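As C-alpha cells, the structure follows; a few thoughts come after it.
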Amino acid sequence: MVKQASLLSQLEAIVGADGVRRSDELSAFAVDGLTPQAAVAPSSYEQVAEVLRYAHTEGLAVIPHGGGTHMHIGNVPGRYDIGLSLLRLDQVVEHEPADLTVTCQAGITLDRLQRHLGQHGQLVPLGPAWGEEATIGGILAANASGPSRHAHGAPRDFTIGMKVVTADGRITKAGGRVVKNVAGYDLCKLYIGSLGTLGVIVEASFKLAPTAKVERTAVATFETPGQACAFAADLQRRGLTLRAVQLLNATAASAVELAQQGLCALVLDLAGTPQAVERSRREIGDLAQDAAADLRDEENAAKAWESRMRLGSTEEAYLLCKATALPTHLSALIESLETVDGPPHILALPAVGVLYASWPRLEDAEAAVGRLRTAVTAVDGSLVLERCPLDIKPRLDIFGDPPPSFDLMRRVKEQFDPKGVLSPGRQVGRL
Amino acid sequence: MPNSSLIRDLSRVVGRRWVLHEPEDLLVYEYDATIERGLPEAVVLPYNANQVSQVVRIARRHNAPVTARGAGTGLSGGAIPCDGGIVIVTSRMNRILEVDAGNRIAVVEPGVINQDITDAVAPHGLYFAPDPSSQKVCTIGGNVAENAGGPHCLRYGTTTNHVLGLEIVTPEGDLVWLGGKTADPPGYDLTGLVVGSEGTICIVTKVIVRLMDCPQSTVTLLAIFDEVDQASHAVSAIIGQGIVPAALEMMDRNTMRAVEEAVQAGYPPDAGAVLLIEVDGLEEETREQADSVRAVCEELGARELRIGFSAEDRERLWAGRKGALGALGRLAPSYYILDGVVPRSKLPAVLRGVYEACDSFGFQVANVFHAGDGNLHPNVMFDERVPGATQRVLDLGEVIMRLCVEAGGTITGEHGVGYEKRNYMSWIFSEDDLEVMAGVKLAFGATDLFNPGKIFPSSKGCGEVSSRMKAAIAKVGPDAYV
Ligand SMILES: Cc1cc2nc3c(=O)[nH]c(=O)nc-3n(C[C@H](O)[C@H](O)[C@H](O)COP(=O)(O)OP(=O)(O)OC[C@H]3O[C@@H](n4cnc5c(N)ncnc54)[C@H](O)[C@@H]3O)c2cc1C
C-alpha cells in the first residue's frame with residue numbers, strides 16, 4: 001500500500017498541481033460512504049492513461065467520476081484509493097452538422113453538448129435527469145436514459161464510437177465516427193452500463209437526431225395504472241408522433257401537480273412535423289373521450305420528468321429502484337409495488353417496460369427490498385436498487401441474483417481488469 | 001479421408017443423415033458469396049440447441065474448429081471454414097418459437113429466414129426492421145453474426161438495435177442465455193457484444209427480436225440527376241433539412257444501364273444518378289417530408305422526380321433498385337461487391353475517388369448503395385478468366401477501402417470483416433485496440449475453436465485452399481439486390 005504523501009506527489013507529477021484535488025475536496029468524491037485517499041482531474045487522455053498505469057502498477061483502486069449525479073448506482077466498492085474526475089475533459093471534439101454525428105469528450109455535461117448541437121437544429125437523444133451536471137461519460141457508464149428513449153432508444157442504440165482508457169493505462173478505441181460500422185467486436189456495448197468497471201470512457205461519438213419542428217405535451221389522467229397502460233398501448237398501435245410517454249402513479253402525479261389527488265397521470269410528449277403533431281393531438285383527444293379520461297394540454301413539458309429528478313434526489317429518496325418488466329406486465333408490477341409500505345412515487349415508461357420507484361422513508365428497508373424482489377420476480381422482470389440506505393447496502397447486491405450469463409461477465413471483467421483497478425466490486429455479483 | 005471417429009461421434013448426436021462428409025457433399029459448403037474458399041471435414045445439421053452444444057463438445061475433443069453457417073450469403077468469407085473442421089449449418093433450426101404481439105417481441109431459432117419473421121408477424125401489424133437485401137434467403141443467425149443492415153437501417157438501425165437477447169453455445173459447449181425479453185438486463189451487455197462477432201466467440205441458438213409497428217403511410221420518391229455529384233450533395237442536404245428518411249439509396253449510371261436492360265425501370269439513359277428516398281410515418285408527416293425532400297432535390301438540380309403513394313407505385317419505383325444486383329450480371333461475368341462507410345459529407349469526394357481508382361485499374365464500376373448512411377457498395381466488374389484479374393480486383397478493393405478510411409470512415413458497414421478484410425483491421429485499430437478485442441475472445445474461451453482466421457489480422461492463408469483461390473462470385477437470383 002502506498003502512503004498518502006507519496007501517492008499525492010506521484011499523482012501531482014502526472015496531472016500537475018492544479019490537477020490534484022485538495023484534501024478538503026475529497027468528500028465530494030465519496031462513494032457509498034468511502035472516501036478516497038486522493039482525487040485527480042487529468043486534463044488529457046494521456047494523463048488519464050498515466051494515472052491508470054500508476055494505479056495498475058501499485059494495485060490501487062480507481063473510480064471514475066463525471067458530474068457525480070449517478071454515483072449512487074452500483075454496489076459498495078470493494079476498495080477505493082483514487083477518485084478520477086473527467087470534468088476537465090469537456091470539449092466538443094468534432095461536429096460536422098451535415099454528418100449528423102458528434103464526437104465529444106467524456107466530461108462535457110449533457111446540457112452543454114445539447115446547447116451546442118441545438119444551435120444547428122440537432123440533439124443527442126440522451127435525456128437522463130440532472131443534465132446540468134451529468135456528463136456524457138457518466139451517462140454512458142451508468143446507461144442512464146430519459147423519457148425520449150420511447151422514440152429514440154437507449155444509449156446503446158446511438159453511440160457509435162468511444163475512446164476508452166484500459167485498466168492498465170492504454171488509450172484504446174471502440175467503434176468509430178460513422179453511423180454504420182461492423183469492423184471488429186462492438187465494444188461500445190460492453191462499456192455502456194459497465195459502471196466504470198471495464199475502462200475509463202474519455203471520448204464518445206453519437207448518431208444525432210434533428211430537433212423536432214413542433215413539440216407539444218398533453219396529460220391524461222386515469223383512476224388506475226392499468227387504465228393508463230391500456231391507453232398508452234392503444235396509442236402506440238396508432239403510430240402517433242409520440243416522443244415520450246410517461247406514467248406517474250397517483251403519489252408522484254400529485255407531488256408535481258399533474259393530477260388531482262388519487263389519479264395517475266399519463267404524460268404524452270408529441271414531437272414532429274406541424275400537421276403530424278396536430279393530427280396526433282386530435283386523435284389522442286378522441287381516444288381520451290372514448291376512454292372517459294380527462295385530457296388537457298400542459299405548458300411545462302418538463303414537469304413529469306422533474307418528478308423523476310425528485311424521485312432520485314438524495315433528500316427525498318430513501319430507497320430508489322429501477323424495475324423492468326414486459327410492457328403488458330407493467331401495470332401489475334406498479335400495483336404490487338404500491339402495496340410495499342409507501343406509498344412510493346412511481347414513474348414508468350409504459351412502452352419500454354421500465355419504471356423508477358422511490359420511497360421517502362421505510363420502517364424496515366431490508367424487508368421491503370425482499371418484497372420488491374418477490375414482486376419483480378413474479379413478472380419475470382429485473383430490479384436494481386439505484387439508491388439504497390447505507391446501513392443495509394453493504395449486505396445486498398443491488399442488482400439481485402446474478403444473471404445466467406454471470407460466469408461470462410466475470411471472465412470479461414477478468415480480461416479487462418485482472419487486477420481489479422477499476423471501480424472494484426460495483427457491478428453485478430460484485431465484479 | 002475424414003476422421004472416421006469424428007464422423008461417428010457426430011452421427012450419434014444428430015443422426016447419420018445429418019452429417020455430411022463425402023467430398024461431393026462438402027463442396028457445397030466450401031464457399032459463401034465471396035471469392036475465398038475452404039473445405040470442411042464434416043458438415044453437421046443439428047436440429048436444436050442441445051445438439052449444437054453436443055457437437056461443440058465433440059469438436060473440442062477432436063480439436064476440430066467449428067464454423068457456423070446460415071444461408072451462406074455472407075460477403076466477407078465469414079462462413080468459410082478456413083481451417084477445415086466442422087461446419088454447423090442452422091437450416092434445420094428454423095422455427096419461430098414465440099410471437100408476443102402485445103410486447104412486440106418474437107423468439108426465433110437462428111436458421112429462420114429474415115423475411116419469414118416479418119411474414120409471421122405481419123398479421124399483427126408488426127414487422128422485423130433489419131432488411132438486408134438478401135432477406136429472402138439469409139438467416140437471422142447470419143444477421144446477428146454480421147450485425148446486418150439494409151436500406152431501411154438509416155432510420156431504424158441495424159440488427160443490433162433489434163435484438164434483445166440470445167441463447168448461445170459457448171466454446172465449452174454450455175448453453176447460456178444473454179440478455180432477455182425485458183429492457184436493461186443487469187450486468188454487462190453481452191448480447192450487444194455477440195451481435196456482430198461473426199461467429200468467433202459463440203454459436204447463436206435462439207434470438208429474441210424486437211418487432212416494430214408497420215407505419216401507417218409510406219411515400220417513395222425517385223429523383224433523377226444528371227451528375228453523381230448533385231445526387232450526393234442532395235443526400236447531405238436532405239439530412240440537413242432535419243429529415244431522416246426511412247431509406248435513402250443511390251444508383252449510378254452503370255447500375256441504371258444494367259437495370260434498364262433487365263427490368264425497364266424507365267431511367268433516362270443519359271442520367272448520372274438516381275436517389276430513391278422513402279419516408280414513413282403518419283400520413284401528414286410523410287406528405288410534409290415528401291414535400292421537403294422534393295424541394296431539396298429540385299433545388300439541387302434534379303431533372304425529374306417521380307413519386308409513389310400506393311403500394312403498387314412504390315413497388316415500381318423500387319423495382320430498379322431491387323433488380324440492380326441481378327442486373328449487374330449483364331455487364332460482366334463477375335463482380336466484386338465492396339462495402340465501406342464514409343461520413344455523409346464526404347460522399348461526393350469519395351465517390352469521385354472510387355471512379356478514379358476504378359479507371360486507373362481499368363475496371364468498370366457500378367455503385368448502388370445506402371447513401372443516407374454513407375455506406376458505399378461499389379461493384380467492380382471483371383472477368384475471372386482473364387489471368388491476374390482476380391488479384392487486381394482485390395488490389396483495387398484495397399485502394400477503395402483506403403479511401404474510405406482516409407475520409408474518416410471504416411472498412412465495413414454491414415458485410416463484416418470475415419476473412420476478406422481482416423488485414424485491413426490494423427488500418428483503423430491499433431495493436432492495443434485489437435488486443436482488447438482479443439481479450440473478449442479469451443473471456444469467451446474461444447481461442448481458435450470458433451471460426452478461426454476471421455476478424456483478426458493474420459498472414460495465414462485460408463487453409464490449404466488459398467492456393468485454389470479463384471473467383472467464385474455470388475450467383476445471385478433475379479430479385480436479389482445489395
Ligand atoms: C445479394 C446479396 C445482398 C446482400 N445484401 C445485404 C444487405 O443489404 N445488408 C447486409 O448487411 N448484408 C447483405 N448481404 C450479406 C449477407 O446476406 C448478410 O451478411 C447476412 O446476414 C448473412 O446471413 P447468412 O444466413 O447467409 O449467413 P452466412 O453467410 O451463412 O454466415 C455469415 C456469418 O455468420 C456466422 N453465423 C451464421 N449463423 C450463425 C449462428 N447461428 N451463430 C453464430 N454465427 C453464425 C457465420 O459463421 C459467418 O461468420 C447481402 C448478400 C447478398 C448475396
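Order of the sequence lines fixes the chain letters, A, B, ..., with proteins taken first and strands second; residue numbering starts at 1 for each chain. Remember, it's a predicted structure, so these values are computed and weren't measured experimentally.
Contact annotation for E414(A): neither backbone nor side-chain heavy atoms come within less than 4.5 Å of a heavy atom of chain B. Heavy atoms closer than 4.5 Å to chain A are found in both the backbone and the side chain of P343(B). Residue T241(A) touches chain B through both its backbone and its side chain, counting heavy-atom pairs closer than 4.5 Å. Residue V354(A) touches chain B through its side chain alone, counting heavy-atom pairs closer than 4.5 Å. Heavy atoms closer than 4.5 Å to chain A are found in both the backbone and the side chain of T160(B). With a 4.5 angstrom heavy-atom cutoff, L434(B) does not touch chain A via any of its atoms. For a residue to count as touching a neighbouring chain, one of its non-hydrogen atoms must lie under 4.5 Å from one of that chain's; by this rule L240(A) touches chain B with backbone and side chain alike. Only the side chain of I168(B) comes within contact range of chain A, judged by heavy atoms closer than 4.5 Å. With a threshold of 4.5 angstrom between heavy atoms, V412(A) approaches chain B through its backbone and through its side chain. Only the side chain of R104(B) comes within contact range of chain A, judged by heavy atoms closer than 4.5 Å. Neither the backbone nor the side chain of V235(B) comes within less than 4.5 Å of any heavy atom of chain A. Residue contact with chain A, scored on non-hydrogen atoms closer than 4.5 Å, involves the side chain of L190(B) exclusively. For D407(A), no part lies near chain B; criterion is any non-hydrogen pair under 4.5 Å. Of the two parts of V176(B), only the side chain, counted from C-beta on, holds a non-hydrogen atom closer than 4.5 Å to a non-hydrogen atom of chain A. Residue P97(A): no heavy atom, backbone or side chain, is found under 4.5 Å from chain B. Looking at E285(B), the atoms closer than 4.5 Å to chain A (heavy atoms on both sides) sit in the backbone and in the side chain alike. In this structure, chain B has no heavy atom under 4.5 Å from any part of R410(A). Looking at Q241(B), the atoms closer than 4.5 Å to chain A (heavy atoms on both sides) all sit in the backbone: N, CA, C or O. For chain B, no part of F406(A) is nearby; none of its heavy atoms comes within less than 4.5 Å. Using a 4.5 Å cut-off between heavy atoms, V428(A) touches chain B through its side chain atoms alone. Contact of E278(A) with chain B is not made at all, since no heavy-atom distance falls under 4.5 Å. In this structure, the portions of P274(A) lying under 4.5 Å from any heavy atom of chain B include both its backbone and its side chain. Residue contact with chain A, scored on non-hydrogen atoms closer than 4.5 Å, is absent for D174(B). M437(B) touches chain A through backbone and side chain together, each having a heavy atom under 4.5 Å away. For R426(A), no part lies under 4.5 angstrom from a heavy atom of chain B.
With respect to chain A, the highest number of heavy-atom pairs below 4.5 Å among G196(B), S197(B), G374(B), G240(B) belongs to S197(B). Interface summary for chain A: among L347(B), T191(B), L154(B), N161(B), the most heavy-atom pairs under 4.5 angstrom belong to N161(B). Most heavy-atom pairs under 4.5 Å with chain B: of the set H329(A), E96(A), K173(A), this distinction falls to K173(A). In terms of heavy-atom pairs under 4.5 Å with chain B, the best-connected choice from S382(A), C188(A), P403(A), A351(A) is S382(A). Per-residue counts of heavy-atom pairs under 4.5 Å with chain B were compared for K213(A), Q122(A), Q427(A), M409(A); the largest is that of M409(A).
Side-chain atoms of S405(A) and Y188(B) form no donor-acceptor pair, as typed in the model, at a separation below 3.5 Å.
Atom OG of S345(B) and atom CG of L100(A) lie 11.0 Å apart (nearest 0.5 Å). Here the straight-line distance linking atom CG of D339(B) with atom NZ of K180(A) works out to 7.5 Å at 0.5 Å rounding. Of the inter-residue distances, the one linking D213(B) atom CG with Q236(A) atom CD reads 5.5 Å to the nearest 0.5 angstrom.
Ion pairing between a basic and an acidic side chain is recognised when a charged N comes within 4.0 Å of a carboxylate O; E435(B) and R170(A) show such pairing. Contact check on R281(A) versus E284(B) returns no salt bridge, with no Lys/Arg side-chain nitrogen under 4.0 Å from an Asp/Glu carboxylate oxygen. Using a cut-off of 4.0 Å between Lys/Arg side-chain N and Asp/Glu carboxylate O, R156(A) and D189(B) are scored as salt-bridged. Note on K322(A) versus D184(B): salt bridge recorded, some NZ/NE/NH1/NH2 to OD/OE distance being below 4.0 Å.
When each of T410(B), T158(B), N375(B), N147(B) is paired with N181(A), the side-chain hydrogen bond (donor to acceptor under 3.5 Å, both in side chains) condition holds for T410(B) and for no other.
Residues forming a salt bridge (charged side-chain N to carboxylate O under 4.0 Å, His left out) with D186(A) (at least two apart in sequence, or on another chain): K189(A).
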### Message
Does D432(B) form a side-chain hydrogen bond (donor to acceptor under 3.5 Å, both in side chains) with T172(A)? I'd like the steps, not just the answer.
### Response
CA-CA 6 Å; D432(B) 284 339; T172(A) 62; over 6 Å; no
### Task
Show your reasoning for whether side chain to side chain contact (heavy atoms under 4.5 Å, CB included) applies to L326(A) and D100(B).
CA-CA 10 Å; L326(A) 286 174; D100(B) 178 349; 4.2 Å; yes
### Message
Test salt bridge (Lys or Arg N to Asp or Glu O under 4.0 Å) on E172(B) and R411(A); report intermediate values, then the result.
### Response
CA-CA 13 Å; E172(B) 278 116 21; R411(A) 286 154 57 166; 3.3 Å; yes
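No donor-acceptor distance shorter than 3.5 angstrom exists from the side chain of D433(B) to the backbone of A174(A), with no hydrogens or angles considered. With hydrogens and angles disregarded, a donor-acceptor distance shorter than 3.5 Å links the side chain of E288(B) to the backbone of Q275(A).
Contacts classified as ring pair (Phe, Tyr, Trp, His ring centres under 6.0 Å) and involving residues 158-200 of chain A (residues at least two apart or in different chains) are given here: Y185(A)-F456(B).
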